[in-house]
Amino acid sequence: MKLRSIIIGSCSLFALAAGAQAQSLTIATVNNGDMIRMQGLSDRFTEQTGIDLEWVTLEENVLRQRVTTDIATGGGQYDVMTIGAYETPIWAAQGWLAPLDDLGDDYNADDLIPAVREALSVDGTQYASPFYAESAMIMYRTDLFEEAGLEMPQEPTWEFIGEAARAITDRDNEIYGICLRGKAGWGENMAFITALANSMGGRWFDMDWEPQFDSPEWNEALTYYVDLMTDAGPPGASSNGFNENLALFQQGKCGMWMDATVAASFVSNPDESQVADSVGYALFPTNGQFDNHGNWLWVWSLAVPASSQNVDAAKQFIDWATSESYLEMVAEEEGWANVPPGTRTSLYENPAYTEAAPFADITLEAIQSANTTNSSVQDVPYAGGQFVAIPEFQGIGTSVGQIFSAALAGQVNVDQALEQAQQTSRMEMDRAGYYR
């Protein structure tokens, strides 16, 4: 499909009469690189449609708070919201989202990776459109590994990661063996720590919805995390989320970084990363006992709140921003390696992309291997990989994230943090009526 199809193709279903009264959409989005790029390119959409766009670009935790408050109260402040695989099915079931089963011919819903489309659907109806999808993997400095005489296994264990991180740490030169999320939030530090615990056999709740933070698996996971970050992590790690660790890695200060696969295009971009020519990739670790990498599936998506007064125009924007033609436009402007990843099968069948993106195959493998229905080797009553797909999790996960961030900062020890997490989770689940 030629690039000019963006001018005419994506508007087929929602064509506006020439000279119609100008509309304006308010779009709430997260301050991640791919979303910033979308905002920069969005003047193309305004030129072709006459629809003005007002952007509200927020840090991840703040975005979640604001859009949750707005949609739960029917505030109607936003016409398009950036939400994820956690919110979409819960909000759709409440009737808070407009269905997206009537986008334009250029959208090609059948091209969406099945696991991604399923994560954004309820009873076969899609309620959000994926902008990019991600799992988790390891990004590491091949030059530092070579200097230390280390070779990264394709499927490393946590034991190897700990040994390697400590071996390549050089604090005098501000090189830290590993960078991991420490900023409090259910989608910040708890995304990583939950994935870590899952890979070590942990689970949030048993089949009776009793919290499991008093289990040996959680003790092992949190102890490993705090000890490793104390020995080989950067200073102030309890304040670092995705964006902070991305900057550290791009500056050459992280030997390894375990995080979202979407980061690969940024750490390998020579215009943005000082270490672009020495980045390797590996699967999220296991503990060596279970065949469970714990890697998550997350989908940053665009959705239309039912409270919007501009539903058709909002759908028109989503069609434009998440279509195959948008990927071609980004490739034309910034190269195939920088297109939003993880959403469309055709992208991974495109030789131009797979040749330009050395991380393409491992990204797809991580996404396809993510198990969101059985995230632990133990039985669980919930779906979700790095989150628990129940409405109460947003509050509980944030509270536990604050406790674990305090443990990383040395304000409480591991045993105290786990005890507090157990009590807090138990109290909130009781309050929500899970034990009646």
Side-chain angles (χ1 to χ4, degrees), residues 1-16 25 27 29-30 32-51 53 55 80 82 100 102-117 120 126 128-134 260-266 268-272 299-303 313-364 367:
M1 184 177 295
K2 297 188 181 297
L3 183 60
R4 68 185 296 271
S5 65
I6 293 178
I7 307 296
I8 59 176
S10 62
C11 300
S12 58
L13 187 62
F14 309 106
L16 300 178
L25 297 175
I27 302 172
T29 194
V30 67
N32 288 349
D34 282 296
M35 274 65 175
I36 299 298
R37 183 179 289 131
M38 173 178 62
Q39 185 174 346
L41 294 170
S42 63
D43 59 342
R44 315 287 181 88
F45 174 79
T46 298
E47 288 169 4
Q48 75 184 50
T49 64
I51 299 173
L53 304 176
W55 292 87
V80 177
T82 303
L100 299 183
D102 56 352
L103 298 182
D105 293 338
D106 185 51
Y107 182 72
N108 190 7
D110 291 338
D111 184 44
L112 298 177
I113 292 173
V116 171
R117 187 177 183 182
L120 304 176
Q126 189 176 331
S129 182
F131 186 72
Y132 70 76
E134 63 186 32
T261 52
V262 71
S265 67
F266 299 108
S268 61
N269 186 339
D271 294 332
E272 300 177 2
V299 190
W300 274 123
S301 308
L302 302 180
K315 288 183 179 180
Q316 188 174 350
F317 174 78
I318 290 176
D319 184 9
W320 175 85
T322 61
S323 67
E324 294 176 87
S325 296
Y326 178 84
L327 301 183
E328 293 179 0
M329 181 174 65
V330 175
E332 180 86 6
E333 293 288 325
E334 303 196 30
W336 275 107
N338 294 307
V339 303
T343 63
R344 294 188 171 272
T345 300
S346 59
L347 181 63
Y348 293 90
E349 296 173 346
N350 184 343
Y353 177 69
T354 56
E355 291 173 11
F359 45 82
D361 288 344
I362 196 167
T363 295
L364 184 60
I367 289 174

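Both backbone and side-chain heavy atoms feed into the values below; hydrogens, waters and symmetry mates do not. Count residues from 1 along the sequence.
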Query raised in the report: Does Arg344 reach the main-chain N or O of Thr322 with its side chain, forming a donor-acceptor pair under 3.5 Å?
Result: yes
Query raised in the report: Can you check whether Asp43's main-chain N or O pairs, donor with acceptor, with Thr46's side chain at less than 3.5 Å?
Result: no
Report summary line: Between the OG1 atom in Thr49 and the CD atom in Gln316, the distance rounded to the nearest 0.5 Å is 5.5 Å
Query - Over all atoms of both residues, closest heavy-atom pair of Ser42 and Leu53 - result: CB-CD1, 3.6 Å
Report task. Kindly compute the distance separating OH (Tyr132) from CE (Met38), expressed to the nearest 0.5 Å. Result -> 10.0 Å
Query raised in the report: Which atoms form the tightest heavy-atom contact between Ala360 and Tyr348, and what is the distance?
Result: O-CE2, 3.5 Å
Query raised in the report: Parallel, tilted or perpendicular: which fits the ring planes of Tyr326 and Phe131, with parallel below 30° and perpendicular above 60°?
Result: tilted
**Report entry** Whether Asp319 side chain and Leu103 backbone form a donor-acceptor pair below 3.5 Å
**Finding:** no
Query raised in the report: If you take all heavy atoms of Ser325 and Asp106, which pair is closest and at what distance?
Result: OG-OD2, 2.9 Å
Query - Expected output: side-chain Arg37 to main-chain Asn338 donor-acceptor under 3.5 Å - result: yes
Query raised in the report: Do the non-hydrogen side-chain atoms of Met329 and Trp320 ever get within less than 4.5 Å of each other?
Result: yes
Report task. Indicate yes or no for a side-chain donor-acceptor contact from Ser323 to the backbone of Tyr107 under 3.5 Å, with no hydrogens or angles considered. Result -> no
**Report entry** Close side-chain approach of Leu112 and Gln126, heavy atoms under 4.5 Å
**Finding:** yes
Query - side-chain contact (heavy atoms from CB on, under 4.5 Å) assessment of Leu364 paired with Ile113 - result: CA-CA 10 Å; Leu364 184 60; Ile113 292 173; 3.9 Å; yes
Query raised in the report: Considering the options Asn32, Thr29, Val262, which one meets the side-chain contact (heavy atoms from CB on, under 4.5 Å) requirement together with Trp300?
Result: Asn32
Query raised in the report: Any side-chain heavy-atom pair from Leu302 and Leu100 closer than 4.5 angstrom?
Result: no
Report task. Please report the shortest heavy-atom distance between Asp34 and Pro341, naming the atom on each side. Result -> OD2-CD, 4.4 Å
Requested in this report: Kindly say whether Ala352 contributes a backbone atom to a donor-acceptor pair with the side chain of Asn350 at under 3.5 angstrom?
Outcome: yes
Report task. Quick one: pull up CG in Leu41 and CD in Glu334 and give me the separation to the nearest 0.5 Å. Result -> 6.5 Å
Requested in this report: Check the angle between the aromatic planes of Phe45 and Phe317 and answer parallel, tilted or perpendicular using the 30° and 60° thresholds.
Outcome: perpendicular
Query raised in the report: Ser301 and Pro130: which non-hydrogen atoms are nearest, and at how many Å?
Result: OG-CA, 3.7 Å
**Report entry** Pairwise distance CD(Glu349) to OG1(Thr354) - rounded to 0.5 angstrom
**Finding:** 10.5 Å
Requested in this report: Might you point out which heavy atoms bring Ala133 and Thr261 nearest each other, and give the distance in Å?
Outcome: O-OG1, 4.4 Å
